[in-house]
Colleague: 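Starting off with a structure, shown below.
Note that ligands are numbered from 1 as they come in the structure, with each ligand's atoms numbered from 1 the same way. Computed from a prediction, not measured in an experiment: that's the story for all the values here. In this chain, residues are counted from 1 in sequence order.
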Amino acid sequence: MKYKLKGVKKLEGIVNISGSKNASLPILAATILNGKKATIYNLPDIKDVKTTLKILELLGCKVDKKKNKVIIDSSNMDKYTVPHDLMRELRSSVILAGSIIGRFKRAIFSYPGGCEIGARPIDLHIENFKKIGINIEENAGYIVCNCDKIKTAEVHLEFPSVGATENLILASILSDAELTITNAAMEPEIVDLQEFLNRMGAKVYGAGTNCIKVVGVKRLKEVSYTIMPDRIETGTFLAMCAATSGNLELKNTNYNHIIPVLDKLEEAGCKIEKDKNNIYIEAKKRLRAIDIKTLPYPGFPTDMQSIFLGMLCNAKGTSVITENIFENRFKCVPELNRMGAKIKIEGNTAIVKGVRRLTGTEVRATDLRGGIALVIAGLTANGYTKIENIGFIERGYEKLETKLTKIGASIYKER
Ligand code: UD1
């Protein structure tokens, strides 16, 4: 499938922000821990969520999904192997390892493999699983995890990996051990996971700081939970508005989760107002160039990097964007340059010399956030832009064409 877009249109109106993709995935994984029903609200209707639900069904869970609500009943779950083809489809399915081990004290999964934005190894997951008493063997491309008992341990993460932090928490919830993680990732999605787990009767403390403690419990109860808003979708619509000199109101979001993004938008010349669940943005004129460095939370998010790259192609002056988290997150640059952008890569830095106007042409998405960067470029370009491989974009954005059409964009999906 392709997107066909026609620029240049100002985006104006109201956007309802969906539930967070990156919070949904670990929370869906965590639902299997209670061995009962879990009801999740505000689940985004996106491909990554569908794949995760498919894996849960294959593991023996009953999944009942209606629009943005899902009931997962894991009482008859009887399998602990994540099939290789689905593991490949969704790298973050590695997060299921922690909760399958938590439930059955064993799990089998394959290496998630390389991915479009970099090598993404899982050494931190494996190394620290071992420290909490999980035996790990590799067999014919599969990682076989077994453990008699989760051990009390203090683990220090060499890098604050989001996935490794979540996996360690999930593995130790049902135990009689105590786990302390230092240099833990501090992302808001980990706070959401903690709230979900504690709502089920778990004892997790400290999420949102770099020291997290889990006190194991014997059993968990049924739970209902509403997923937090997607901070990256929020940032995406803000960037789209900024790039098109538009004017938007974003509803059902949380500005506290994207402070560095808001600061950078203001530095680029946008006017921003916010209240509890809403953000208002007005971008009257051509953006000013800005510099960005990605960092673990609370720094500027790596997931927003390509999005800002797309936004800054038309800015006045030269922007310097440094990527410190993933090694291969500039894959959309040759495509943006085909549209007339002037971006040069030097190591982990992209130097973006702003041009007056991009020109629409045929381009190809190579990853989720790089793909949406092309949509942003297309919104600001003269003429038509055709974006191929939109499967990447659909992994993470709910009803993108519908939401964009409602605020004035011309975007269609075609075969
Ligand atoms: C999560 C997010 C992703 C986001 C990223 C960083 C989900 C589903 N995905 O990914 O959107 O971009 O956090 O905010 O929540 N690393 C290792 N060894 C490991 C684990 C990670 O070297 O065992 C490296 C990775 O290659 C990468 C860096 O650490 O360079 C960050 O990875 P991590 O924080 O684990 O990201 P994910 O959890 O995969």
Colleague: Any idea which of Leu25, Leu193, Val162 brings a heavy atom closest to atom 34 (O) of ligand 1?
Modeller: Val162
Colleague: Is it true that Arg329 lies under 4.0 Å from ligand 1, counting heavy atoms only?
Modeller: yes
Colleague: If we ignore hydrogens and angles and just use 3.5 Å, is the side chain of Thr182 paired with the main-chain N or O of Cys211 as donor and acceptor?
Modeller: no
Colleague: If you count the atoms of ligand 1 from 1 in the order shown, which ones are under 4.0 Å from a heavy atom of Thr302?
Modeller: 6 (C), 12 (O), 14 (O)
Colleague: Which ligand 1 atoms, with their elements, are less than 4.0 angstrom from a heavy-atom of Phe159?
Modeller: 28 (C), 29 (O), 31 (C)
Colleague: Is Glu267 salt-bridged to Arg288, going by a charged N under 4.0 Å from an acidic O?
Modeller: no
Colleague: With a 4.0 Å cut-off on N to O distance, would you call Lys293 and Glu323 a salt bridge?
Modeller: no
Colleague: Hey, is ligand 1 close enough to Phe326 that some N/O pair sits below 3.5 Å?
Modeller: no
Colleague: Check whether any N or O atom of Asp303, backbone or side chain, sits under 3.5 Å from an N or O atom of ligand 1, and answer yes or no.
Modeller: yes
Colleague: Determine, considering heavy atoms only, which of Gly163, Pro121, Ala164 sits nearest to atom 20 (C) of ligand 1.
Modeller: Pro121
Colleague: Any nitrogen or oxygen of Asp123 lying under 3.5 Å from a nitrogen or oxygen in ligand 1? Just yes or no.
Modeller: yes
Colleague: Is the shortest distance from a heavy atom of His125 to ligand 1 less than 4.0 Å?
Modeller: yes
Colleague: Thinking salt bridges, do Glu189 and Arg231 make one under a 4.0 Å N-O criterion?
Modeller: yes
Colleague: With respect to Leu238, which candidate in Ile281, Leu248, Thr253 satisfies the side-chain contact (heavy atoms from CB on, under 4.5 Å) definition?
Modeller: Ile281
Colleague: How does Ile95 reach ligand 1, if at all, at less than 4.0 Å between non-hydrogen atoms: by side chain, backbone, both, or neither?
Modeller: neither
Colleague: Please determine if Glu327 has a nitrogen or oxygen closer than 3.5 Å to a nitrogen or oxygen of ligand 1.
Modeller: no
Colleague: Would you verify whether the NZ or CZ of Arg106 falls within 45 degrees of the ring axis of Tyr80 while also being under 6.0 Å from that six-membered ring's centre?
Modeller: yes
Colleague: Charged N to carboxylate O under 4.0 angstrom, Glu401 versus Lys399?
Modeller: no
Colleague: Would you kindly say whether Ser75 and Lys37 are connected by a side-chain donor-acceptor distance under 3.5 Å?
Modeller: no
Colleague: Which of the numbered atoms in ligand 1 are under 4.0 angstrom from any heavy atom belonging to Ile122?
Modeller: 19 (C), 23 (O)
